[in-house]
Each structure stands twice: as structure tokens, then as C-alpha cells.
Amino acid sequence: MSTFGIIGAGNIGSQVARVAIAQGNEVVIANSRGPETLADLVAELGPKARAATAEEAAAAADVAVVSVPLRAYRDIPVEPLAGKIVLDTNNYYWERDGHVEALDRGEATVSGLLQEHLPTSKVVKAFNHITAPSITTDGTPAGTENRRALVTASDYPEAIELVTRLYDGAGFDTVSVGPLSESWRAERDRPAYGARQNAEQLEANLARAQRVI
Ligand SMILES: NC(=O)c1ccc[n+]([C@@H]2O[C@H](COP(=O)([O-])OP(=O)(O)OC[C@H]3O[C@@H](n4cnc5c(N)ncnc54)[C@H](OP(=O)(O)O)[C@@H]3O)[C@@H](O)[C@H]2O)c1
């Protein structure tokens, strides 16, 4: 049993909370407006969940999750996440987040930016190319024919292992694209983004991605 400190309690953060709790973990979850605004969500999640500030969620975390609009990534507390595995669900929507030149030029990755912001954490890409509702509806048992696969990437093998276990428990196979420097292959508008794919299809789509689109 671990405590998941989840920063961002929207579509994806709340779904990752459901997955974490279903696998026997505890959840401390935060948004930008304060814990009191999360009373309904916490009541629904049950006794293994509590609401907190982002700072408190980061401090309580054995494993952290960042699921905020990318424009807010610099608000994520740094010191309380030192040494911890941090799942990054974020995607870059310049229409929402404003332009980030290094991403527009294909010289950075979304998760690489978070890793730079959290230099002593172990950032790992997770749940970024599946729509939120599907996280709790599309999973199937291991070995199911045509099982859906999700991508991960990290510079830390232990972070990839953790996400692989979490995905499997939620009903998904894992395809690792390797280090964060390769994680652009699963970013927005690439072939792997969005569509339901099994592991073989996902590997093929990651391989044919273009760096600049
Ligand atoms: N929606 C999807 O299907 C989907 C799928 C895969 C990946 N993603 C990506 O995952 C990320 C989250 O998406 P979402 O759809 O879950 O977004 P969302 O529903 O808008 O939720 C965002 C959450 O982040 C919180 N937040 C914003 N700024 C914050 C800050 N400075 N400190 C702490 N919390 C903050 C918000 O809190 P308040 O409400 O209090 O402001 C809210 O709880 C995005 O990067 C998105 O592109 C989304």
C-alpha cells in the first residue's frame, strides 16, 4: 500500500485517484482552489481519500501524480517531491497553455519540462493519451486478446516498473518508449495519441511519429 499524492483533481487526476484506490492505495488529492472545494470528490472516493493543498499532497506522497494544465507546471512544489516518482499526465495545448517555444520547435518534451522543474524527482509519463473516462472503462484482464496498451517513458527504470504495475492493475498493457527525450512520440497529434491501440499497434505508431509536425 502506498500513498498517492495527486496534484490536479480534474478529469484525469480524479480518474487516477480511482485507479490508485482500486489497487489498495491511499490518495491525498489537491487542486488550485483549496481542499474544501474537493469535498464531493473525496466523499465519492471514500475513506482511503482525503483532500489537501498541493504542498501537503506532495509531502504525503510515496508516489506523486501531476495532472494540471501544462501552463501551471511551475507551481508544482519541488522540495517535497525530492527523490519521489512523479507521474506526469500532462499534454501541451498551446491554445490553453500559451506557446512554449521549445515545444513548438521540437527541442523539448512535455514531461522533460516537468523533469527540469523537479530535478531530483523521477518523472514518468503516464495516462497522457487516453481520454479520462476510458481509464476506468477500457481495461481488461492481462492476456485478453487485443488488450489496450498505454505508453510510458522515464529516465528511471523503477518509475517505468511502477507505472507498468499500475497500468496492468487498471487493465492495460504497457509500451515504454524509453527515456523522456523520446516521449514526444506519444505527444499530441502523433499517431499514438488518442486512438485505442494494442501493444503491437502502439509500438508501430510510436516508431512512425515525426518529431516536428
Ligand atoms: N481530459 C483528458 O481526457 C486528458 C487525457 C490525458 C491527459 N490529459 C492532460 O492531463 C492534464 C489534466 O487534464 P484534465 O482534463 O484533468 O484537466 P482539468 O479537468 O482542467 O483539471 C485540472 C486540475 O488541475 C488543477 N490545477 C490547476 N492549476 C493548478 C495549480 N497551480 N496547482 C494545483 N492544482 C492546479 C485544477 O484545480 P482547480 O479546478 O481548482 O483550478 C484541476 O483540479 C492536462 O495537461 C491534460 O492535457 C487530459
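Remember, it's 1-based here, ligands and their atoms both numbered in the order they're listed.
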Nearest neighbour in protein (non-hydrogen) for atom 29 (C) of ligand 1: S32 CB, 3.6 Å
Sub-4.0 Å atoms of ligand 1 with respect to non-hydrogen atoms of I7: 33 (C)
Shortest protein contact, atom 3 (O) of ligand 1 (heavy atom only): A132 N, 3.0 Å
Residue pair D88 / N128, side-chain heavy-atom distance below 4.5 Å: no
Heteroatom proximity flag, R96 to ligand 1, N/O under 3.5 Å: yes
Within-shell test, I76 vs ligand 1, heavy atom, strictly < 4.0 Å: no
Nearest heavy-atom neighbours spanning L114 and I76: CD1-CG1, 4.5 Å
Heavy atom of the protein closest to atom 17 (O) of ligand 1 (residue, atom name, distance): N11 ND2, 4.3 Å
N or O contact, T131 vs ligand 1, cut-off under 3.5 Å: no
Parallel, tilted or perpendicular: ring planes of Y93 versus Y193, cut at 30 and 60 degrees: tilted
Least distance between heavy atoms, G178 atom then I160 atom: O-CD1, 4.2 Å
Residue part near ligand 1, for Q15, under 4.0 Å between non-hydrogen atoms: neither
Atom indices of ligand 1 within 4.0 angstrom of I130 heavy atoms, with elements: 5 (C), 6 (C)
For D75, the ligand 1 atoms whose distance to one of its heavy atoms is below 4.0 Å: 31 (N)
Closest approach of P119 to V78 (non-hydrogen atoms, all atoms of both residues): CD-CG1, 4.3 Å
For the student: nearest non-hydrogen atoms of K125 and L180, plus distance: N-CD2, 4.5 Å
Per-residue contact class, N128 against ligand 1 - non-hydrogen pairs under 4.0 Å: backbone
Sub-4.5 Å side-chain heavy-atom contact between E161 and I85: no
From R196, E200, Q197, residue fulfilling side-chain contact (heavy atoms from CB on, under 4.5 Å) relative to N146: R196
Nearest neighbour in protein (non-hydrogen) for atom 26 (N) of ligand 1: V68 CG1, 3.7 Å
Geometric N/O contact G8 with ligand 1, under 3.5 angstrom: no
Nearest heavy atoms of Y156 and V123, plus distance in Å: CD1-N, 4.4 Å
Distance from atom 40 (O) of ligand 1 to nearest protein heavy atom, with residue and atom: R33 NE, 2.6 Å
Non-hydrogen protein atom less than 4.0 angstrom from atom 20 (O) of ligand 1: no
Nearest-contact summary for atom 16 (O) of ligand 1 - protein heavy atom, Å: I12 N, 2.9 Å
Per atom 23 (C) of ligand 1, closest listed option by heavy atom (A126, G13, S134, S67): S67
Verdict with supporting geometry, W94 and R188, side-chain contact (heavy atoms from CB on, under 4.5 Å): CA-CA 11 Å; W94 56 264; R188 178 190 179 187; 4.0 Å; yes
Per-atom contacts of ligand 1 with A9, taking only distances under 4.0 Å to non-hydrogen atoms: 23 (C), 42 (C), 43 (O)
Non-hydrogen side-chain atoms of L202 and L206 separated by less than 4.5 Å: yes
Nearest non-hydrogen protein atom, atom 27 (C) of ligand 1: P69 CD, 3.6 Å
Min N/O separation T89 to ligand 1 under 3.5 Å: yes
Test of proximity, F127 against ligand 1: N or O pairs below 3.5 Å: no
A186 to V151 - nearest heavy-atom pair and separation: CB-CG1, 3.4 Å
CA sep, side-chain torsions, deciding dist, call: L166, F127, side-chain contact (heavy atoms from CB on, under 4.5 Å): CA-CA 10 Å; L166 192 68; F127 293 110; 3.8 Å; yes
Residue, atom name and distance, where the atom is the protein heavy atom closest to atom 28 (N) of ligand 1: A72 CB, 3.7 Å
